[in-house]
Amino acid sequence: MTTNKQVLEWIEEMKGLCKPDSIHWCDGSIEEKGRLEQEAISKGELVELNQEKLPGCFYHRTAINDVARTEHLTFICTTNKDDAGPNNNWMSPEDGYKKAGEIFSGSMKGRTMYALPFSMGPVGSPFSKIGVQLTDSRYVVLSMRIMTRMGKTVTAELDKGTDFTRCLHSIADLNADRRLILHFPQDNTIWSVGSGYGGNALLGKKCLSLRLASYLAKNEGWMAEHMLIMGVERPNGFVDYIAAAFPSACGKTNMAMLIPPNGLRHKGYRIWTIGDDIAWMRVDSDGTLWAVNPENGYFGVAPGINSKTNPNAVATVKRGTIYTNVVLKPNKTVWWEGGDGPIPNKGIDWQGKQWKPGMLDTDGNYINGAHPNSRFTAPVINCPSISHRIEQHHGVPISAIIFGGRRAHLAPLVYESFNWQHGVFVGAIMSSEMTAAQQGTMGKVRRDPMAMLPFCGYNMADYFGHWLKMGKAMTKPPLIFNVNWFRTDENNSFLWPGFRENLRVLEWIIDRCYDKAEAVKTPIGFVPATESIDMTGLNIDAKAMKQLLDVNPNDWLDELKGISEFFCQFGDRLPEEIWDEYTALEGRLQATGV
Ligand code: SAT
Ligand code: MN
């Protein structure tokens with residue numbers, strides 16, 4: 001255990017509430033891991049996979065009603081409702097503790113309460129934050145062991161009396177009507193009950209590293225963002241680092257692990273992965289922005305991952321990985337839709353049922369063997385492209401920030417903002433068609449500023465203000481871009497091949513940072529000049545390229561309606577600069593005379 005009195009007192013209190021049979025303080029050792037795995041196997045919580053083909057790998061299924069984050073059950077509990085903002089569900093702290101307390105009450109009877117000390121970020125770095133998660137789920141302990149730095153070194157930090165985030169979690173009875181994910185920023189506390197799904201249950205991830213961290217970041221003058229971090233190295237050894245925000249399941253993991261396309265091989269680029277989901281960034285004494293990845297693992301979407309789309313991810317999940325809700329094959333290996341072939345002729349699906357390819361449900365729809373939001377949890381260190389700088393307490397300097405979303409028609413392949421303030425506006429108007437990581441209607445457009453709508457732990461109007469302020473704190477702020485890999489033609493076919501070919505766009509972006517690539521000024525920002533993107537070895541005809549880069553003022557004027565409606569929710573709290581940018585964009589669009 002720890003000698004930190006606050007930790008001990010809090011555990012005593014939570015023990016009184018949840019009434020576990022016993023408490024186990026996790027030391028993070030290999031023996032402890034082995035013991036937990038064996039227990040989980042004997043209780044049917046994990047299946048040991050084929051250890052010859054997938055050493056150290058296990059299989060897990062969540063409850064059928066518990067396969068994604070549940071945003072409608074996720075709350076920010078602040079004294080003032082306005083501090084949570086229209087972007088969050090709100091509950092008062094009193095109500096939150098009372099409502100969740102009733103569900104937590106006695107929820108761990110007959111179970112062990114695991115107390116898990118973890119660090120988000122390298123242990124001991126001034127960037128890092130420490131948490132202690134109490135949970136009754138062995139799956140959560142084993143997953144947090146991959147996703148965070150945990151165990152003895154963190155206990156040693158806590159022993160120094162370090163402050164920590166209080167993370168209480170119980171799967172309780174996994175009843176969706178008795179499920180709540182509550183954040184108490186004023187108390188540095190998270191209470192999550194009734195779910196065993198990653199984003200709801202691995203509290204170091206979205207709950208701490210984004211919702212609470214964004215709140216802390218605003219107060220402490222740094223940034224907690226839903227961004228991948230990657231390095232692009234040139235043959236002369238110089239590495240530019242990029243941070244990019246896309247909504248969940250829009251390809252952050254693929255981009256972070258990108259392998260240069262054949263056509264650009266001769267240029268000798270190398271890609272280094274720092275993180276695929278979260279960036280914590282600070283302004284350093286050199287006036288630029290530096291970032292660390294607070295996580296220690298990937299919690300990635302499995303479907304669609306194969307040796308073509310993401311060979312580095314395929315290599316990453318070959319050992320020490322926990323698979324959740326994919327297809328379990330008879331030889332105790334795994335498969336998912338869009339995975340490497342051959343398609344197994346039978347298996348057990350994510351619901352635990354016998355499954356065969358081509359099976360149809362009563363409505364005649366194809367039954368997926370793997371849930372569309374099925375996942376792998378794998379150590380960062382498994383990734384062949386992992387950067388040696390992940391453990392550096394200082395992080396890496398960011399040259400460019402990229403926003404992006406999934407829009408079939410509106411946004412061009414890439415555009416550059418005019419300056420930081422305009423870039424903040426570009427982030428603020430981000431929108432995307434919904435994916436399976438959220439429970440909701442697939443395909444519907446939702447506004448998702450900086451990909452932070454589900455993760456900003458306070459009023460988003462203040463968040464935009466914080467972004468504006470951060471820009472002023474930097475002498476050399478990163479340039480801000482927007483990309484859209486998902487534009488389609490009149491037949492709904494994607495115009496851009498995506499995946500590794502995206503490096504061509506990243507090259508343009510980095511060249512822009514050094515004033516080396518040509519661009520055309522449009523009402524929305526700078527768009528690549530024809531032929532300024534290197535297309536060696538990629539066949540896209542001139543018409544498609546024109547479509548990819550096209551800015552249609554009418555479409556954008558139409559889009560402004562949705563943007564203004566979104567902004568209006570924030571009332572007077574929305575920074576004036578954001579409206580200034582809105583008006584300026586409207587003016588530029590109207591000036592085109594459409
Ligand atoms: O479901 S998680 O929140 O863990 C992952 C994601 O949506 O990005
Ligand atoms: Mn994410």
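The first residue of the sequence shown is numbered 1, and numbering continues consecutively from there. Atoms within a ligand are numbered from 1 in the order they appear, just like the ligands themselves.
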- Query: So is Lys205 actually on top of Phe299's ring, under 6.0 Å and inside 45° of the axis?
  - Reply: no
- Message: Tell me whether the rings of Tyr366 and Trp355 are parallel (<30°), tilted (30 to 60°) or perpendicular (>60°).
- Response: perpendicular
- Item | Sub-4.0 Å atoms of ligand 1 with respect to non-hydrogen atoms of Phe299 | 4 (O)
- Message: Below 30° counts as parallel, above 60° as perpendicular, anything between as tilted: where do the rings of Trp191 and Phe104 land?
- Response: perpendicular
- Item | Arg69 N/O to ligand 1 N/O under 3.5 Å | yes
- Query: Centres of the Phe58 and Tyr139 rings: under 6.0 Å?
  - Reply: no
- Asp277, N/O/S atom nearest the Mn ion (ligand 2): OD1
- Note on the structure: Between Lys206 atom NZ and His226 atom NE2, the angle centred on the Mn ion (ligand 2) rounds (to 10°) to 90°
- Apply the test side-chain hydrogen bond (donor to acceptor under 3.5 Å, both in side chains) to residues Thr148 and Asn296: give CA-CA distance (whole Å), side-chain angles for both, the deciding distance (0.1 Å), then the verdict. CA-CA 5 Å; Thr148 72; Asn296 203 28; over 6 Å; no
- Any Arg375 heavy atom less than 4.0 Å from ligand 1: yes
- Is there a nitrogen or oxygen of Lys206 sitting under 3.5 Å from a nitrogen or oxygen of ligand 1? yes
- Could an N or O of ligand 1 be found under 3.5 Å from any N or O of Gly199, whether backbone or side chain? yes
- Message: Strictly under 2.8 Å, is the Mn ion (ligand 2) approached by any N, O or S atom of Phe455?
- Response: no
- Results of ring-ring contact (aromatic ring centres under 6.0 Å, His included) for Phe403 - residues two or more places apart only: Trp467
- Message: I want to check a possible cation-pi pair here: Arg61 against Tyr59, using under 6.0 Å from ring centre and within 45° of the ring axis as the test.
- Response: no
- Item | Proximal ligand 1 atoms for Tyr197, defined as those under 4.0 Å from one of its heavy atoms | 1 (O), 2 (S)
